[in-house]
Amino acid sequence: MNNTISSFLTSPWAKWGFVLGFALGGFFDGILLHQVLQWHHFLSLVEGMDDLRLQILWDGYFHVLMYVIAVVGLWGLWRSRNSTTGEWGSVLIGSVLLGFGVWNWVDIVLAHWIMGIHRVRLDRDPLMWDLIWLAAFGVLPMIAAWWVYRTNAARLRNSAVAVMLLTAGAAGAGTWALQPAPDGQFTTVVFGYGAEPRDVFAALKATDARLVWTDREMAVVVVAVAPEHKHQFYRHGAALVGGTVGAVGCVNWTRVQAKI
């Protein structure tokens with residue numbers, strides 16, 4: 001057991017695997033809770049952050065941070081690809097699980113309970129859902145990591161293959177976040193500060209788009225527009241456009257209850 005702990009503390013695979021697992025935990029949280037289930041946004045409980053544009057923008061900042069952390073972890077793993085001494089396979093797998101679990105502990109304890117900027121669910125018992133999420137995605141991955149370390153789970157045979165698989169997983173999570181919703185026949189457009197209703201109507205005319213829904217200030221609109229015309233909204237004051245790379249992902253999955 002002491003040898004297992006020592007190998008974990010000294011192995012570069014453990015360090016960088018933990019960093020990557022931490023980023024994957026953030027991706028999982030952001031994609032599932034912010035985008036797919038939409039139970040909260042990153043700053044849902046912060047006063048003065050009621051504007052949907054700000055909520056989406058900060059969700060985007062959060063995902064960019066996770067991208068940076070993931071890239072750092074992958075870079076470290078690539079540099080360590082020739083460090084194959086010891087039980088590196090189980091150390092790498094266990095470290096990714098450990099980083100994933102630690103992310104959820106940090107998020108629940110720091111962001112939910114200390115800072116109070118959001119909770120897992122805002123429409124149900126907040127504490128109960130925080131504890132359910134923490135048990136499922138904080139405690140269980142850490143138990144799994146400990147089991148992997150103790151049992152020396154089947155190790156991967158080639159370090160370069162391991163890094164490529166992890167890279168594909170991280171890249172796939174980020175790429176999936178950038179995709180438009182599968183049933184998205186409409187496009188959500190978030191206009192930047194300073195944009196006025198006349199600017200929005202000008203953008204609609206220029207893109208030959210049909211207005212489906214708008215908030216009171218016409219800061220966020222849902223439109224029916226040809227896919228090839230989506231990018232033109234950026235020329236007319238749009239900050240984020242669903243279904244484009246510039247949207248940083250979250251706006252693609254934003255549901256707006258509209259009567260069509």
Side-chain angles (χ1 to χ4, degrees), residues 4-36 42 58-112 115 133-134 136-179 245 248-250:
T4 300
I5 296 175
S6 176
S7 65
F8 168 74
L9 294 176
T10 59
S11 170
W13 292 96
K15 176 174 64 175
W16 299 116
F18 177 89
V19 172
L20 181 59
F22 191 87
L24 291 176
F27 276 133
F28 180 78
D29 181 317
I31 292 172
L32 182 61
L33 293 181
H34 298 195
Q35 296 174 239
V36 177
F42 186 65
W58 278 94
D59 281 350
Y61 288 154
F62 166 73
H63 282 115
V64 168
L65 176 61
M66 291 303 106
Y67 276 118
V68 172
I69 295 175
V71 168
V72 170
L74 291 170
W75 173 79
L77 286 173
W78 183 255
R79 291 192 62 188
S80 306
R81 65 189 183 278
N82 295 321
S83 302
T84 57
T85 58
E87 302 294 340
W88 72 270
S90 57
V91 168
L92 174 60
I93 296 170
S95 299
V96 171
L97 288 169
L98 181 62
F100 187 97
V102 167
W103 156 260
N104 286 287
W105 276 94
V106 171
D107 181 48
I108 293 291
V109 175
L110 180 62
H112 294 211
M115 299 175 64
W133 188 269
L134 185 60
F137 302 110
V139 176
L140 289 182
M142 296 178 74
I143 293 175
W146 180 251
W147 179 83
V148 168
Y149 295 145
R150 290 198 60 179
T151 60
N152 286 327
R155 65 185 67 100
L156 301 174
R157 297 295 182 183
N158 186 291
S159 59
V161 172
V163 174
M164 286 189 289
L165 289 175
L166 289 170
T167 301
T175 301
W176 184 83
L178 290 174
Q179 301 305 308
V245 174
V248 201
C250 295

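Keep in mind that the numbers below use all heavy atoms, side chains included, and drop hydrogens, waters and symmetry copies. The chain is numbered in sequence order, starting from 1. Since this is a predicted model, take the numbers as computed values, not measurements.
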**Student:** Would L92 and L77 count as a side chain to side chain contact (heavy atoms under 4.5 Å, CB included) here? Give the steps.
**Tutor:** CA-CA 9 Å; L92 174 60; L77 286 173; 3.7 Å; yes
**Student:** Ignoring hydrogens, what is the shortest heavy-atom contact between G26 and M66? Give both atom names and the distance.
**Tutor:** CA-SD, 3.5 Å
**Student:** Report the distance from atom CG of L134 to atom NE2 of H112, rounding to the nearest 0.5 Å.
**Tutor:** 9.5 Å
**Student:** Show the atom names and distances, to 0.1 Å, of all donor-acceptor pairs under 3.5 Å that link a side chain in residues 97-104 to residues at least two apart or in another chain.
**Tutor:**
{"residue": "W103", "atom": "NE1", "partner": "G25", "partner atom": "O", "Å": "3.2"}
{"residue": "N104", "atom": "OD1", "partner": "W133", "partner atom": "NE1", "Å": "2.9"}
{"residue": "N104", "atom": "ND2", "partner": "F100", "partner atom": "O", "Å": "3.0"}
{"residue": "N104", "atom": "ND2", "partner": "F137", "partner atom": "O", "Å": "2.9"}

**Student:** Hey, are the side chains of V106 and F22 touching, using non-hydrogen atoms and a 4.5 Å cut-off?
**Tutor:** yes
**Student:** Roughly how far apart are I31 CD1 and L24 CG, rounded to 0.5 Å?
**Tutor:** 9.5 Å
**Student:** In this structure, is the centre-to-centre distance between the rings of Y61 and F42 below 6.0 Å?
**Tutor:** no
**Student:** Is W16 close to L74 at the side-chain level, that is, under 4.5 Å between some pair of heavy atoms?
**Tutor:** no
**Student:** Restricting to non-hydrogen atoms, name the atom on A136 and the atom on P141 that form the minimum distance, rounded to 0.1 Å.
**Tutor:** O-CD, 3.5 Å
**Student:** What pairs with V139 under side-chain contact (heavy atoms from CB on, under 4.5 Å), at least two apart in sequence or on another chain?
**Tutor:** W105, I143
**Student:** Indicate yes or no: at least one non-hydrogen side-chain atom of H34 is less than 4.5 angstrom from one of D29.
**Tutor:** yes
**Student:** On a heavy-atom basis, which atom in A145 and which in G94 lie closest, and how many Å separate them?
**Tutor:** CB-O, 3.2 Å
**Student:** Rounded to the nearest 0.5 Å, how far does CH2 of W13 lie from CG of L20?
**Tutor:** 11.5 Å
